[in-house]
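Notes to accompany the following structure.
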Amino acid sequence: MSVKFSYSVSTVLSRDGVWKLFADIENWPKCSDVYDDLRWSGVPWTRGSWVLGTIHFPHPLPLRYVLETCQPGSLISYVAYGTDAGFATHRTVRFEQQKDHTLIHVDSYVVGTPAFSIAGGSYGFLRMLTEKWFRDFASFCDQYTKVHAGSGAL
């Protein structure tokens with residue numbers, strides 16, 4: 001059985017700026033305590049490459065994100081799973097430039113049952129993880145905008 005959910009958040013940073021911060025996976029642990037020890041296996045942001053590391057929220061798990069599609073600055077899709085998790089997700093992330101902000105929209109399909117006890121099962125786990133990390137990332141982008149206002153950095 002699979003379950004789908006969507007989540008959207010916005011930031012005042014431009015789409016190009018959002019992509020520059022997102023594409024550098026060293027920023028992921030800086031903006032939120034969700035991830036740790038991230039690294040690429042393969043050429044970054046190319047089909048078949050993997051992001052490897054650890055998720056710490058809401059339950060610690062090793063992770064592997066296998067990249068399917070990358071249209072830099074506008075869309076990525078990947079399959080996410082952990083060998084100890086008991087479930088996987090297919091996720092699509094879109095970055096959409098709006099008039100005065102960037103909308104980050106995430107669609108996730110969840111399949112499987114977690115190998116550990118958590119409220120809401122695999123759906124609950126991934127929903128909490130998605131909402132926390134993307135909300136934290138949008139705040140990181142907004143803070144970057146404030147710090148670098150007028151500098152032309154992004």
Side-chain angles (χ1 to χ4, degrees), residues 1-57 61-83 85 87-112 122-154:
M1 182 172 112
S2 70
V3 178
K4 178 185 178 187
F5 70 90
S6 297
Y7 180 73
S8 295
V9 65
S10 66
T11 173
V12 296
L13 189 59
S14 71
R15 185 174 80 167
D16 290 343
V18 169
W19 175 252
K20 286 178 185 175
L21 293 178
F22 183 86
D24 181 355
I25 65 170
E26 290 183 15
N27 285 326
W28 295 12
K30 293 176 187 175
C31 73
S32 181
D33 61 356
V34 167
Y35 294 112
D36 196 19
D37 299 323
L38 298 177
R39 65 201 174 281
W40 281 102
S41 176
V43 178
W45 300 113
T46 58
R47 182 178 174 86
S49 293
W50 305 344
V51 174
L52 303 167
T54 304
I55 293 173
H56 291 289
F57 178 88
L61 287 172
L63 68 84
R64 178 175 294 183
Y65 293 172
V66 182
L67 194 66
E68 285 185 320
T69 304
C70 180
Q71 298 169 6
S74 61
L75 178 128
I76 63 166
S77 68
Y78 57 93
V79 174
Y81 63 95
T83 54
F87 62 94
T89 185
H90 181 269
R91 180 169 286 164
T92 301
V93 182
R94 292 189 314 273
F95 305 93
E96 300 172 7
Q97 183 66 58
Q98 306 290 312
K99 183 176 180 180
D100 58 354
H101 66 279
T102 301
L103 180 69
I104 304 167
H105 183 79
V106 183
D107 289 313
S108 295
Y109 293 89
V110 184
V111 179
S122 53
Y123 169 84
F125 176 88
L126 289 166
R127 181 131 199 142
M128 283 190 298
L129 172 75
T130 299
E131 290 177 3
K132 177 171 178 25
W133 192 83
F134 281 97
R135 185 177 53 247
D136 290 352
F137 178 68
S139 294
F140 181 76
C141 291
D142 289 344
Q143 185 62 35
Y144 187 92
T145 302
K146 289 177 188 173
V147 170
H148 293 90
S151 71
L154 286 181

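None of the values given here were measured: they were computed from a predicted structure. In this chain, residues are counted from 1 in sequence order.
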Within the 4.5 Å heavy-atom criterion, are I104 and V18 side-chain neighbours or not? yes
Is there a side-chain contact between L63 and T54 (heavy atoms, below 4.5 Å)? no
Student check: side-chain heavy atoms of S6 and K4 closer than 4.5 Å: yes
For W28 and F22, take the angle between the two ring planes, folded into 0 to 90°, and tell me which bin it lands in: parallel under 30, tilted 30 to 60, perpendicular over 60. tilted
Between I76 and C70 the two heavy atoms that sit nearest each other are CG2-SG, 4.0 Å
Return yes if a side-chain donor-acceptor contact under 3.5 Å exists between S77 and T69, otherwise no. yes
Residue set satisfying side chain to side chain donor-acceptor pair (under 3.5 Å) with S108, at least two apart, ordered chain then number -> R91
Just wondering, do T102 and E96 contact through their side chains at under 4.5 Å, heavy atoms? no
With a 4.5 Å heavy-atom cut-off, do Y81 and T89 have their side chains touching? no
Over 60° means perpendicular and under 30° means parallel, so tell me whether F134 and F137 are parallel, tilted or perpendicular. perpendicular
Can you label the angle between the H90 ring and the Y109 ring as parallel, tilted or perpendicular, going by 30° and 60°? tilted
Can you check whether P72 reaches W45 side chain to side chain, under 4.5 Å on heavy atoms? no
N/O donor-acceptor pair under 3.5 Å between Q97 side chain and R15 backbone: yes
For Q143, the side chain to side chain donor-acceptor pair (under 3.5 Å) test, sequence neighbours excluded, returns none
Grab the two heavy atoms, one from H56 and one from Y35, that are nearest each other, plus how far apart they are. CD2-C, 4.2 Å
Heavy-atom side-chain contact between Y144 and T11 under 4.5 Å: no
